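What follows is a set of notes on a single structure, which appears directly below.
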Amino acid sequence: MSGPNTNFDPVRVAALEPEALEEAVSTALAAAAAAAGLDELKAARSAHQGDRSPLALANREIGALPPSAKAEAGKRVGAARARVAEAFATRQSELEMERDARILVEEAVDVTLPTGRRPLGRRHPIELMATRITDIFVGMGWEIAEGPEIEAEWFNFDALNFDEDHPARQMQDTFYVAAPDEVVAHGQAASSHDGGHHDWPSSGLVLRTHTSPVQARALLERGVPLYVACPGRVFRTDDLDATHMPAFHQVEGLAIDEGLTMAHLKGTLDRLASEIFGEGTTTRLRPAYFPFTEPSAEMDLRCFLCHGTNPDCRACKGMGWIEWGGCGMVNHNVLRACGIDPERYSGFAFGMGIDRALMFRTGVSDMRDMIEGDVRFNAQFGMEI
Ligand code: DAH
């Protein structure tokens with residue numbers, strides 16, 4: 001910037017001459033028009049509108065003019081700068097529109113093209129249900145135990161107080177794997193730790209018909225007090241239809257401690273029912289017979305959908321109750337077979353179908369859908385971890 005003009009006529013300052021201003025404007029307009037892209041425009045703008053541009057310098061010269069000349073010079077410079085600013089703004093929006101149009105073309109997505117998407121795997125709904133149920137037991141402080149699917153007949157029947165001639169032992173119900181003499185000959189006995197004082201090693205082998213044998217295994221392995229849940233696959237010689245499968249899933253519960261009564265059983269079942277089927281779901285016990293419990297009961301579930309109010313209910317078929325499994329107070333003979341003193345310890349046990357629980361909860365009406373392995377079926381149950 002020049003210093004104050006005191007000894008010459010300051011009106012004629014070169015940078016403020018109309019010709020000079022016109023020249024600066026036309027160079028700036030040409031630069032704006034020539035900018036082929038937004039980056040170029042930015043560079044041109046800083047050359048022609050920036051602090052060191054001829055017009056900015058001219059503007060600064062005004063300050064050194066005598067007051068009488070300031071207004072006129074200010075108008076001229078202002079008009080020149082406005083023209084330049086407008087030219088840059090116009091070019092800016094032209095270039096932005098060009099860019100947007102280009103992006104629309106370049107980045108267009110053909111949503112009809114086939115994708116390389118691979119669907120995520122899912123856990124099987126029965127497995128999900130089993131995990132959900134065992135989680136509930138763990139939440140109550142119970143342990144989880146598992147036993148072999150090929151089971152010693154002794155664990156599956158004898159230890160559970162089944163008579164020699166109990167109908168469940170019939171070939172029609174049970175898949176027999178090996179007779180006692182074959183087991184001895186081939187050393188195939190199911191494994192266990194019972195101190196060797198039982199005759200299971202010489203018993204035959206079956207595909208376990210229920211998860212109850214894990215009761216005896218857990219008692220022998222872990223001793224008392226015992227709170228244990230045993231989920232697993234079981235086998236019966238049933239034909240496959242909508243409501244029967246030769247291989248299905250159960251979860252067994254066993255609690256042995258001092259002073260346990262049927263009230264503890266009922267309370268535990270109600271808690272489980274609420275956790276699995278929704279708060280407030282209760283159970284009902286009906287007298288029944290199982291060799292390994294005395295007294296024994298069938299347990300029903302209050303229909304968690306209609307609570308007994310809908311004659312067309314899909315879950316309870318209008319009955320108001322859903323059959324859920326068996327239960328009872330552990331028979332003294334079972335305790336004795338496992339070396340537990342029934343005078344000191346008592347307990348309860350229950351067993352229910354996992355597949356059935358899944359059917360009630362989800363409205364699956366044909367069990368075969370659950371085992372056919374069609375991923376479209378499994379995928380509907382989502383993914384829980
Ligand atoms: N094991 C029985 C079954 O498969 C179910 C059962 C009934 C289990 C009573 C139990 C029980 O623990 O106490 O039909």
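This structure is a prediction, so every number in the text was calculated from the model and none was measured. Numbering of ligands and ligand atoms starts at 1, following listing order.
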Problem - Carboxylate-amine/guanidinium proximity below 4.0 Å for E94 and R91 - result: yes
Problem - Check ion pair R271-E275 (N to O, under 4.0 angstrom) - result: yes
What are the distances between nitrogen or oxygen atoms of ligand 1 and protein nitrogen or oxygen atoms, counting only those under 3.5 Å?
from	atom 1	to	atom 2	distance (Å)
ligand 1	1 (N)	H210	ND1	2.9
ligand 1	1 (N)	S212	OG	3.0
ligand 1	4 (O)	R236	NH2	2.8
ligand 1	4 (O)	Q250	NE2	2.9
ligand 1	12 (O)	Q215	NE2	3.1
ligand 1	12 (O)	E252	OE2	2.6
ligand 1	12 (O)	F350	N	3.2
ligand 1	12 (O)	F350	O	3.4
ligand 1	13 (O)	A349	O	3.1

Handout entry: Q250 side chain to T211 side chain, donor-acceptor N/O pair below 3.5 angstrom
Key = yes
Exercise for the section: Compute whether any side-chain donor of one residue and acceptor of the other, for D270 and T283, lie under 3.5 angstrom apart. Expected result: yes
Practice task
Measure from the side-chain N and O atoms of H332 to the backbone N and O of S346, and report whether any donor-acceptor pair falls under 3.5 Å.
Solution key: no
Exercise for the section: Could you tell me how the ring of F350 sits relative to the ring of F137: parallel (under 30°), tilted (30 to 60°) or perpendicular (over 60°)? Expected result: parallel
